[in-house]
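Since we're looking at a predicted model, the values are computed, not measured. Values below: every heavy atom of this structure, side chains too, minus hydrogens, waters and symmetry copies.
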Amino acid sequence: MRNESATTEKIQQTLTVLMRGGRLFHAVLAEGPGREQLARRLAQAALCEGEPKPCGQCSHCHKAEKGVHPDILVYGGSGSFPVEQVREIRTQAFVMPNEARGKVFILEEAQNMTIQAQNALLKILEEPPSGVVFVLTCDNKARLLTTILSRVTVLSLEEDISSQEGLEQAASFLREACIGSEYTALAQLVPYERDREGFGSFCGGLRRAAESLLLGRLQDQPELARRLTRLQSARIVAIIEEMEYTAARGGNMLLLTTALPGRIRQVLERGAS
């Protein structure tokens, strides 16, 4: 099991990489143990006026740490998350911030949102007002709609791939699908054409490898890291998540395994736009 210090270290590493470009994505989903801590650190970083973010010294950081910043709004939690709360969030998103240059909405335990609530959130997640950041948390993103997942950047704090062999297999597939032989990538998926559970496990490892690439931690694939932008890496993560979700809900395995390499290759062919 992951201990508290390891979780804290991973949270800090994730923040460091995300803020390297100077700003956060407008919508982030934190998944796994430590997600609440990560969500609050992301909110602090989004409003921070110092460097590096979060600096821990400015007034916004101090208020965020104390949980009293008026521009960090928290919704959800362990109970129900009805559509009425989402409607309130949509209204509040267009209200000017009180003190900071923007606002952060933390939506805790988003898996508790009803289907109606998730659908009501889609539009503003895709096109939020300027300066507004959404940070969602969940125990398992598979419990959210694929349409929600396609609009957020997933930051997973779950356990890493269990073996070096699994990481190497996932990284090898990514390299072949992106810049190598699409035929070789397809061949790696043949064993899963009749193995739904195995394909789900493979997608889980593949997703974590792609997230490592997004966060700059896949050190043994330098060519792949050079070729892929952050946005392209995020799009590949979203494709893998979609495939994982569809397989878990009874999708045609032959179609899924055949389509996955091509869908990933299209991300590079379309460029970084």
Does any N or O in the side chain of Arg101 come within less than 3.5 Å of the main-chain N or O of Gly131, such that one atom is a donor and the other an acceptor?
-> no
Charged N-O contact under 4.0 Å between Arg40 and Glu36 | no
Calculate, to the nearest 0.5 Å, the distance between atoms CD1 and CG belonging to Ile264 and Leu206 respectively.
-> 5.5 Å
Lys103 vs Val95 side-chain heavy atoms within contact, under 4.5 Å | yes
Backbone of Asp71 reached by a side-chain donor or acceptor of Asn98 within 3.5 Å | no
Which heavy-atom pair separates Ala39 from Thr137 by the least distance, and what is that distance?
-> CB-CG2, 3.7 Å
Would you call Tyr75 and Val86 a side-chain contact if the rule is heavy atoms closer than 4.5 Å?
-> no
Nearest atoms (heavy-atom pairs only) where Ala30 meets Arg35 | O-CB, 3.6 Å
State, yes or no, whether a side-chain contact exists between Leu260 and Leu256 at a heavy-atom distance under 4.5 Å.
-> no
Is the closest side-chain heavy-atom distance between Ile106 and Ile72 below 4.5 Å?
-> yes
All heavy atoms of Ala185 vs all of Phe173, minimum pair found to be O-CE1, 3.4 Å
Just wondering, do Leu174 and Ile236 contact through their side chains at under 4.5 Å, heavy atoms?
-> yes
For the pair Glu176 (side chain) and Ser181 (backbone), establish whether a donor and an acceptor sit closer than 3.5 Å, ignoring hydrogens and angles.
-> yes
Between Arg143 and Glu109, does at least one N-O distance fall below 4.0 Å, as a salt bridge requires?
-> no
Using modelled atom types only, decide if a donor and an acceptor are shared between the side chain of Arg90 and the backbone of Ala120 within a distance under 3.5 Å.
-> yes
Gln37 (side chain) donor-acceptor with Gly34 (main chain) under 3.5 angstrom | no
Is there a donor-acceptor pair closer than 3.5 Å between any side-chain N or O of Thr246 and the backbone N or O of Met243?
-> no
Would you please name every residue forming a side chain to side chain donor-acceptor pair (under 3.5 Å) with Arg87, sequence neighbours left out?
-> none
Please name all residues satisfying side chain to side chain donor-acceptor pair (under 3.5 Å) with His69, sequence neighbours left out, ordered by chain then number.
-> His60
Any side-chain heavy-atom pair of Ile124 and Pro129 under 4.5 Å = yes
Do any N or O atoms from the side chain of Arg207 and from the backbone of Val237 form a donor-acceptor pair under 3.5 angstrom?
-> no
Over all atoms of both residues, closest heavy-atom pair of Lys141 and Glu31 = N-OE2, 3.1 Å
Non-hydrogen side-chain atoms of Leu29 and Ile148 separated by less than 4.5 Å | no
Non-hydrogen atoms of Cys58 and Glu49 that approach each other most closely = SG-N, 3.6 Å
In terms of heavy-atom contacts, Cys178 and Leu228 come closest through SG-CD1, 4.3 Å
Is the shortest side-chain N to carboxylate O distance from Lys63 to Glu65 below 4.0 Å?
-> no
Are side-chain heavy atoms of Val28 and Leu42 found at a separation under 4.5 Å?
-> yes
